[in-house]
Amino acid sequence: MLSRVFGIGRRPFASLSEQEVLALAISSEEDDARIYRDYADGLRDAYPHSAAVFDDMADEEDHHRAVLIDLHRRRFGERIPLIRREHVSGYYERKPDWLVRPLGLEKVRVQAERMEHAAQRFYEEAAKRSEDAGTRKLLGDLAAAEKGHESLARRLGGAHLPDTVKKQEQADERRKFILTYVQPGLAGLMDGSVSTLAPIFAAAFATGDTWQTFLVGLSASVGAGISMGFTEAAHDDGKLSGRGSPLARGLSSGIMTAIGGLGHALPYLIPDFWTATTVAAAVVFVELWAIAFIQNRFMETPFLRAAFQVVLGGALVFGVGVLIGSA
C-alpha cells in the first residue's frame, strides 16, 4: 500500500536506459490492447457497435507494439527486459475493465481518451531522452499518433456509430439504468415513505414518547428495507426481463426503502414531541414530492398526476396512523 502511495521500490523514469524505455513502451502497449479488448468484450452484447470501436483501438495498440518490438530487436537484440508501468514512479496507470464496471458507454470512452493522452505524454518525454536518431523519430511519431488518437473513440465512432445507432445505444443505456436502479429504487422509496407512515405516527400519538417512536420507526424502516431488497433480488434474475443484476436491483430497492422510512423516523430523536412531529411531517411532505419528481423525471409520468397519486396515498396512510394512535 505504502509503495503505491509513495513510490517506494520504484525506479524514477529519468533513471531508465533507452532499452528499458523501449521495454516499458512495449509492455504498456500490450496492456492497453488487453484493456481495450476487455472493454469491447464487456460492451459487445449490449452495444455491439461501440465494441467494434474498441476492437479497432486494440488493433492500433497491437500495431504500435509490433513496431516497437522490431526497433528493440534491431538495437538491443531479442531479449526484452521485464519492466512494467507499476515498476516506474510517476508513470501513468491504467484501470482494467473490472475496476470501471459497469461499463457505461461514456465512462469507457472518456477513459480511453485519458489513456491515449497519457500515452502521448510518455512518448514525448521518452523521445526527449533518446540519443539514437531512429529511436527518437519513432517515439516522436508514436507521440503524434497518440495525440491524434486522443479522440480516437469519437473518430472511429464515425465509422461504426452513425447517429441513429448512437441514439439507440444511448436509449438502451438509459432504459437499462432505469430498469436496474431507478425503478427498484423508486418502488423502495415509495414503500418506505408511505408504508411506514402509519406505524410511526400511530406509535407517536399512542405513546407520546419520542424515543419509543424512533425505535418503532427504525425497526419498521430497516425491516422493510431488508424485506424489499430480498424480494426484488429473488423474484427476477434479470435474464429474461433484461432488468439487470438482481443484486444491484435488490440493493437499490432495499436501501431506498430504508431511507424512505428513516426520513420521518429520525426527527423523533428530538426530545420534544410536537417539535419532532412537526419536523417529521415536513420531511414526509418533502419525500412525497421527491417521489413525484422522480416519477416525472425518469418514468415520464405527468407531474401533477404523480403528485396527486403520491400525496393522496401518503395523506391517507398518515391519517390512518394518526387516527389509530389517537384511539
Side-chain angles (χ1 to χ4, degrees), residues 174 177-233 235 247-327:
R174 184 175 187 273
F177 173 74
I178 290 174
L179 290 177
T180 304
Y181 297 101
V182 177
Q183 192 179 71
L186 178 61
L189 184 61
M190 292 177 66
D191 184 84
S193 298
V194 176
S195 68
T196 58
L197 285 175
I200 290 176
F201 285 99
F205 283 88
T207 64
D209 187 320
T210 57
W211 178 246
Q212 295 300 322
T213 301
F214 169 73
L215 293 179
V216 170
L218 179 63
S219 60
S221 301
V222 174
I226 294 173
S227 175
M228 284 288 288
F230 272 103
T231 300
E232 178 62 44
H235 88 279
L247 176 61
R249 297 196 328 270
L251 288 174
S252 297
S253 180
I255 291 171
M256 293 307 294
T257 300
I259 289 174
L262 288 172
H264 43 269
L266 289 174
Y268 281 98
L269 289 172
I270 301 172
D272 182 75
F273 174 80
W274 286 110
T275 301
T277 301
T278 301
V279 173
V283 171
V284 170
F285 179 81
V286 172
E287 288 174 344
L288 296 180
W289 281 99
I291 292 170
F293 171 79
I294 295 171
Q295 283 186 316
N296 173 256
R297 174 69 176 81
F298 293 100
M299 312 306 289
E300 298 182 0
T301 304
F303 183 79
L304 291 179
R305 189 174 79 183
F308 176 77
Q309 293 171 342
V310 173
V311 173
L312 177 62
L316 290 173
V317 177
F318 176 82
V320 168
V322 173
L323 287 174
I324 293 175
S326 301

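Below, each value reflects all heavy atoms present in this structure, side chains not excepted, and no hydrogens, waters or symmetry copies.
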If you look at every heavy atom in [X] and [Y], which pair is closest and at what distance?
| X | Y | result |
| --- | --- | --- |
| V283 | H264 | CG1-N, 4.0 Å |
| R249 | P184 | O-CB, 3.6 Å |
| A276 | P267 | CB-O, 3.3 Å |
| A265 | F214 | O-CD1, 3.4 Å |

Tell me every residue that passes side-chain hydrogen bond (donor to acceptor under 3.5 Å, both in side chains) with T275, counting only those two or more places apart in sequence or in another chain.
D272
Carefully, step by step, assess Y268 and T277 under the rule side chain to side chain contact (heavy atoms under 4.5 Å, CB included).
CA-CA 7 Å; Y268 281 98; T277 301; 3.0 Å; yes
Which residues pass the side chain to side chain contact (heavy atoms under 4.5 Å, CB included) test with A220, sequence neighbours left out?
T196
Between T210 and L269, is a side chain to side chain contact (heavy atoms under 4.5 Å, CB included) present by the stated rule, with each step listed?
CA-CA 7 Å; T210 57; L269 289 172; over 6 Å; no
Measuring from I226:CD1 to S253:OG, what's the distance to the nearest 0.5 Å?
12.5 Å
If you round to the nearest 0.5 Å, how far is CG of L262 from CD1 of I255?
12.0 Å
Sequence neighbours left out, what pairs pass side-chain hydrogen bond (donor to acceptor under 3.5 Å, both in side chains) with at least one residue falling in residues 211-228?
none
